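Inspection log for the structure reproduced underneath, given as structure tokens.
Quantities reported herein were computed from a predicted structural model and do not represent experimental measurements. FYI, the numbering just counts along the sequence from 1.
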Amino acid sequence: MSWRGGWMVSSLLVMGAGCGGALPGEEMSAPAEEAEERLDGSYCLPTEDSTQRVKTILPPSDIGLPRYASSPNGFVSFKGQLHFAVNYEDGKRALWRSNGTAAGTTEIKSLPATEGRFTPPLGKLTPTSSLLFFEAADVVHGTELWVSDGTSGGTRMVEDLTPGTDSSYPTHMTATGSGSVAFFLERYAPGSTRVRYELWASDGSAGGTSRVRDFGADSEVSYLSGAADNTLRFFVRGLSGGTSLWKTDGTSAGTVQVKRLTSGPNAFIMNARTSDGLTLFILRQDSGLQELWKTDGTAGGTLRLASFGATRDVRLLGALGSTVYVTTTSLTTQYMVLYKVPLAGGNPASVVSLPNDYTSQGEAFPYIDSVSIPPGGSKLFFSVIIGSNGPAPRDSQLWVTDGTAGGTVRLRRPLSLSDEYASPVYAVSDDLVFFSAYEADGGGIEPWVSNGTPSGTRKLRDIADASSITASSYPRDYFRLGSRVYFSAYDDTEAGQLWSTQLSDACFAPQSRP
């Protein structure tokens, strides 16, 4: 098994069946009741009236299944405005921007469909201070690195890095400061079926785009990485053994091995999350031992914090203050436990065991699907999916924790019960999180919002036409910019469109989000 596919070991344990049915009772536990009393239930939530379609961008979908319909995506903030990709179903691709109004939502640059073949999507939008990098395809050059200054005339391919119609597919695109990006290209070694990994950097010009390092055909670069302090942190595994942490600022001198993590030939990075300059990750050793690590990008600051045995599946949630939170799920009992680990070092301590109402029904393995921690927040929001012995989950749930047993509360169940659409979770603050949830009897899957209490959790707006195929809007890609939260949703235009909800200035002080 390749390193890139190592995560499948855990994922295969949790794939499950059933598309729904009656869920167990919604009784709130005593700790949840106590937590709700402590939380501020008066926090202002966005309203249905403040949630509106920004503009009709896409024509009616020809696909026939709303969850597969094209929609605006890849939202980023660039030069103070929302920028995003639109990948039309006819193969046309375009870069757009919006200031939150219909008149101010305009196309920057359109690329025609590649003739006679599938057109890869425009995506991987990566803003720097002055340039917006992304990948896109055209008929002559295939998929390559592109750049935009926010104007049509200033949107162009940087360079044909893989000459001809063959594609380059840049990955790990990371802003490194001074308007440049670092990225990887994967190429087949000459005369071999092995992929070699090349690190590149670009300032947006052809002359300023060059290969920084070739890691060769005897190394693999994990798809997991982290960006902090204008550097890319990434993991390299030698096929003959050994996994190391590296970092780069996009220069040859600034591309260095930070620390060798293990000498084992079959070790894999399982999770990685970066916030406030710190990257946390899970390293699975050959023996099945799972280790929690932290790094600040220096050798001395790269330390193993805790180890967990091979009889449990370990998932990383993230850090709140001076504490890291992980979940462990027993491979035999199928119960998930929330643990806390001091960042300064020390033994893991269990916080609370999460309920699983399905363990008597056979395969019901719970796993973490989505995690969101608001900037500077003291609470952590996460969704738990409980699998089955078929493709769709038995249940999906939204939780919040402040790191205590009493402050670990289930906010809503179910979220999505589809095996083809997962509910996004996007926390704007400790008291405001956006997600999607399912209602039976025609309610479908719609956008929801919560102030962090069960009683303050409600549907944001019923967007989908009740007479449509699924009566679901399948909201995606929540993204805050200023006093608005943007997202895409399938609506009565029979296509995925750009939507937003206005945050009240009286109740919520706007703050920037990268």
Side-chain angles (χ1 to χ4, degrees), residues 51-78 81-115 117-125 132 134-139 143 146 148 150 152 155 416 418 420-424 426 434 436 444-447 460-481 484-502:
T51 305
Q52 302 287 335
R53 180 172 59 232
V54 177
K55 186 170 185 173
T56 299
I57 296 174
L58 287 118
S61 172
D62 292 327
I63 292 178
L65 292 175
R67 62 181 174 273
Y68 294 138
S70 296
S71 61
N73 64 85
F75 301 138
V76 296
S77 174
F78 178 59
Q81 289 195 330
L82 184 75
H83 284 65
F84 56 96
V86 177
N87 293 288
Y88 297 86
E89 291 175 4
D90 64 2
K92 186 181 79 171
R93 309 309 191 202
L95 180 67
W96 283 67
R97 66 166 169 254
S98 177
N99 64 2
T101 69
T105 301
T106 57
E107 182 181 270
I108 298 174
K109 182 83 169 184
S110 177
L111 298 175
T114 55
E115 298 175 1
R117 58 179 178 153
F118 168 74
T119 304
L122 185 155
K124 300 179 185 175
L125 278 65
L132 176 61
F134 59 98
E135 73 169 17
D138 65 19
V139 177
T143 300
W146 284 63
S148 177
S152 178
T155 301
S416 169
S418 169
E420 299 167 323
Y421 167 85
S423 303
Y426 184 83
F434 292 82
S436 60
I445 300 173
E446 294 293 344
L460 182 59
R461 177 167 179 151
D462 199 354
I463 292 176
D465 184 351
S467 63
S468 67
I469 297 173
T470 62
S472 294
S473 67
Y474 296 104
R476 305 175 190 273
D477 298 309
Y478 293 112
F479 183 82
R480 182 188 171 198
L481 180 58
R484 286 180 180 267
V485 171
Y486 295 88
F487 60 98
S488 63
Y490 186 92
D491 58 24
D492 58 2
T493 66
E494 298 183 355
Q497 306 293 1
L498 178 65
W499 282 69
S500 77
T501 189
Q502 181 72 40

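- In plain terms, the two heavy atoms of Arg93 and Leu122 that are nearest each other are CB-CB, 4.0 Å.
- Using a 4.5 Å heavy-atom cutoff, the side chains of Pro72 and Leu58 are in contact.
- Here the closest heavy-atom approach between residue Glu89 and residue Ala69 is recorded as OE2-CA, 3.6 Å.
- Between the side chains of Thr56 and Gln497, no donor-acceptor pair is found at a separation under 3.5 Å.
- For the residue pair Tyr421 / Ser436, a side-chain donor-acceptor distance below 3.5 Å is found, with atom types taken as modelled.
- At a threshold of 4.5 Å between non-hydrogen side-chain atoms, the residues Pro447 and Ser473 count as touching.
- Under a 4.0 Å N-O distance rule, the pair Arg53/Asp492 qualifies as a salt bridge.
- For Tyr478, the ring pair (Phe, Tyr, Trp, His ring centres under 6.0 Å) criterion is met by Phe434, Phe487, not counting sequence neighbours.
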Step-by-step side-chain contact (heavy atoms from CB on, under 4.5 Å) determination, Asp90 to Asp62: CA-CA 9 Å; Asp90 64 2; Asp62 292 327; over 6 Å; no
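- Inter-residue side-chain proximity for Tyr474 and Ser416 is flagged as unmet; no heavy-atom pair is nearer than 4.5 Å.
- You'll find the side chain of Phe84 reaches within 4.5 Å of the side chain of Leu498, heavy atoms only.
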Test log, rule side-chain contact (heavy atoms from CB on, under 4.5 Å), inputs Arg97 and Phe78: CA-CA 9 Å; Arg97 66 166 169 254; Phe78 178 59; over 6 Å; no
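- Between Arg67 and Ser418, the shortest heavy-atom contact is CD-OG, 4.4 Å.
- If you check the side chains of Thr114 and Thr119, you find a donor sitting under 3.5 Å from an acceptor.
- With a 4.5 Å cut-off on side-chain heavy atoms, Glu446 and Ile463 count as touching.
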